[in-house]
Peer 1: 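This is the structure I have questions about; it appears just below.
Just so it is clear, the structure is predicted and the values come from calculations on it, not from any experiment.
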Amino acid sequence: MKICIVNTKSANFNSLVQALTRLDVKAEITSDIATLSSADKLIMPGVGSASAVMAGLLNTSIDEVVPLAGDDAQPHSELIDFILNYKKPLLGVCLGMQVQAERSCEVPLNSEVKHINTLGIVPGTVHPLDVSVEAQMNNAQGNGIVCCSEGANSSTLSPLPLPHMGWNTVHHNGHPLFKGIEDNSFFYFVHSFCLDKCSATIASTVYGQEFSAAVAKDNFMGVQFHPEKSGANGERLLKNFIDM
């Protein structure tokens, strides 16, 4: 079993490498196409911003990501084209999941563009988390997956802090990535942007609003949380991915 970690030039690789080491898996961090091609599976992490991750995948500067704002300006590089045509399992982590969406509103600072185009593997636009009182009240009237105290109203609530940082429950649909993991188990999150639920959503979480905690389409998968920091549940999820 050969697993490679895609070098997006914007990630905390050490914690992921250590998590895989605990599973007796030695992973290589690389952006070399020949090396990636020989891998049985890929993991694509990302931290910082969507613009930084896309800049890493494009091998350019963050400022040069701005032209990706046009509707017909799709990102292309040798690495991106390889990823889009990769046929074996690929797991995106945090921003590695977000850039699988069509667009992201997490644009470079002081930029006049509203969004940048990302990989377009799954539908939707990544946008700032809605942590407003209104969002919390809407979820309090939802389908029971939120943790909102009974009788809560707008006068007893306040906007939630950003980033969404810490442990939160994940409601999943039984996808093989979550094999052996109980529904509403806890995972560790650190993010301020999110992807709404879409046709590719296999798990969701609520923080202010409900959003995609995990997605899957064909051989591509992604998780918004950090499995490498999520204790036994995160270890089981990584093991499930390795065993696919």
Peer 1: Between side-chain atoms of residues 15-25 and protein atoms elsewhere (two or more places apart, or another chain), which donor-acceptor pairs fall under 3.5 Å?
Peer 2:
unit_1, atom_1, unit_2, atom_2, d
Ser15, OG, Asn12, O, 3.4
Thr21, OG1, Val17, O, 2.8

Peer 1: Using ring pair (Phe, Tyr, Trp, His ring centres under 6.0 Å) as the criterion, list what pairs up with His191, not counting sequence neighbours.
Peer 2: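 In terms of ring pair (Phe, Tyr, Trp, His ring centres under 6.0 Å), with neighbours along the sequence ignored, His191 is linked to His164, Phe189, Phe211.
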Peer 1: Between Gln209 and Asp196, is there a side-chain donor-acceptor contact under 3.5 Å, judged purely by atom types and distance?
Peer 2: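 Yes, a side-chain donor-acceptor pair sits under 3.5 Å.
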Peer 1: Among residues at least two apart in sequence or on other chains, which ones pass ring pair (Phe, Tyr, Trp, His ring centres under 6.0 Å) with Phe220?
Peer 2: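 Applying ring pair (Phe, Tyr, Trp, His ring centres under 6.0 Å) to Phe220 gives none.
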Peer 1: Tell me every residue that passes side chain to side chain donor-acceptor pair (under 3.5 Å) with Asn117, counting only those two or more places apart in sequence or in another chain.
Peer 2: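 Checked Asn117 against side chain to side chain donor-acceptor pair (under 3.5 Å); zero matches.
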Peer 1: If only side-chain N and O atoms count, and only distance matters, is there a donor-acceptor pair under 3.5 Å linking Ser212 with Thr201?
Peer 2: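 Yes, Ser212 and Thr201 have a side-chain donor paired with an acceptor closer than 3.5 Å.
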Peer 1: Please say whether more than 12 non-hydrogen atoms of neighbouring residues, nucleotides or ligands are located less than 6.0 Å from CD in Gln74.
Peer 2: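 Yes.
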Peer 1: State which residues pass salt bridge (charged side-chain N to carboxylate O under 4.0 Å, His left out) with Lys239; sequence neighbours excluded, sorted by chain then number.
Peer 2: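 Applying salt bridge (charged side-chain N to carboxylate O under 4.0 Å, His left out) to Lys239 gives Asp243.
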Peer 1: Does one side chain, of Ser204 or Glu210, offer a donor that lies under 3.5 Å from an acceptor on the other?
Peer 2: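 The answer is yes; a qualifying pair exists.
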Peer 1: Mind checking whether Tyr188 and Trp167 have ring centres under 6.0 Å apart?
Peer 2: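 Close enough - the centres of the two rings lie under 6.0 Å apart.
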Peer 1: Quick one: which residue pairs count as a salt bridge (charged side-chain N to carboxylate O under 4.0 Å, His left out) with a foot in residues 213-237, not counting sequence neighbours?
Peer 2: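 Every pair satisfying salt bridge (charged side-chain N to carboxylate O under 4.0 Å, His left out) with a residue in residues 213-237: there are none.
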Peer 1: Run through Leu177, Asn240, Ile5, Asn219 and flag the one making a side chain to side chain contact (heavy atoms under 4.5 Å, CB included) with Leu91.
Peer 2: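 The passing option is Leu177.
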